[in-house]
S.K.: 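Mind looking over this structure? Questions follow.
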Amino acid sequence: MDQSSKVLRDFPYAEATRDPIFLLEVRREEGGPWVVDYGSGVWMTRQEAEDYAMRREYHYGKQSLDWRVYCCCAEGKLATLLMQHTRMMEVVK
């Protein structure tokens, strides 16, 4: 099987499992570059990420000045794993 056949076969799976995830971007110093804060978590909605940062204003500072929410796509197995975890957490609640 050549490489192009593999890509075409895997494409529907990646497309079917593409979900947006939300991360926090922070500034380590005033006016500095935005950096993704990987230690804070991954959220399935923008509102969850904003609520998290606002509850920890003592750590993250002011919205838009010191932190912002960043959206990117999780594809394939990552998206599947995150959705399974989210559904498990909903059952536990």
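In this chain, numbering begins with 1 at the start of the sequence shown. Owing to the predicted nature of the structure, the values given are computational and were not obtained by experimental measurement.
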S.K.: So which residues get pulled into Trp34's cluster when ILVMFWY side chains under 4.5 Å apart are joined, directly or through others?
M.R.: none
S.K.: State whether the side chain of Glu57 and the backbone N or O of Ala53 hold a donor-acceptor pair below 3.5 Å, judged by distance alone.
M.R.: no
S.K.: Roughly how far, to the nearest 0.5 Å, is the CD1 atom of Ile21 from the OG1 atom of Thr45?
M.R.: 12.5 Å
S.K.: Quick check for you: to the nearest 0.5 Å, what is the distance between Ser40 atom OG and Leu23 atom CG?
M.R.: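 Interatomic distance, Ser40 OG to Leu23 CG, rounded to 0.5 Å: 7.0 Å.
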S.K.: Can you tell me how far apart CD (Glu30) and CG (Leu65) are? Round to the nearest 0.5 Å.
M.R.: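 That separation rounds to 8.5 Å.
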S.K.: Once ring-ring contact (aromatic ring centres under 6.0 Å, His included) is applied, what residue pairs with a partner in residues 50-70 remain, sequence neighbours excluded?
M.R.: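 Output for this query lists Trp43-Tyr52.
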S.K.: Rounded to the nearest 0.5 Å, how far does OG of Ser64 lie from CZ of Arg27?
M.R.: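 The CZ atom of Arg27 sits 9.5 Å away from the OG atom of Ser64.
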S.K.: About how many Å separate CE of Met44 and CD of Glu48, when rounded to the nearest 0.5 Å?
M.R.: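 With rounding to 0.5 Å, CD (Glu48) is 8.5 Å from CE (Met44).
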S.K.: Applying side chain to side chain contact (heavy atoms under 4.5 Å, CB included) to Asp37 and Arg28, what does each step give before you reach the verdict?
M.R.: CA-CA 10 Å; Asp37 183 10; Arg28 301 289 182 212; 4.1 Å; yes
S.K.: List the steps, then state whether side chain to side chain contact (heavy atoms under 4.5 Å, CB included) holds for Arg68 with Gln63.
M.R.: CA-CA 6 Å; Arg68 65 184 181 185; Gln63 185 176 9; over 6 Å; no
S.K.: Side chain to side chain contact (heavy atoms under 4.5 Å, CB included) for Val69 and Leu24? Distances and angles first, verdict last.
M.R.: CA-CA 5 Å; Val69 176; Leu24 285 180; 4.1 Å; yes
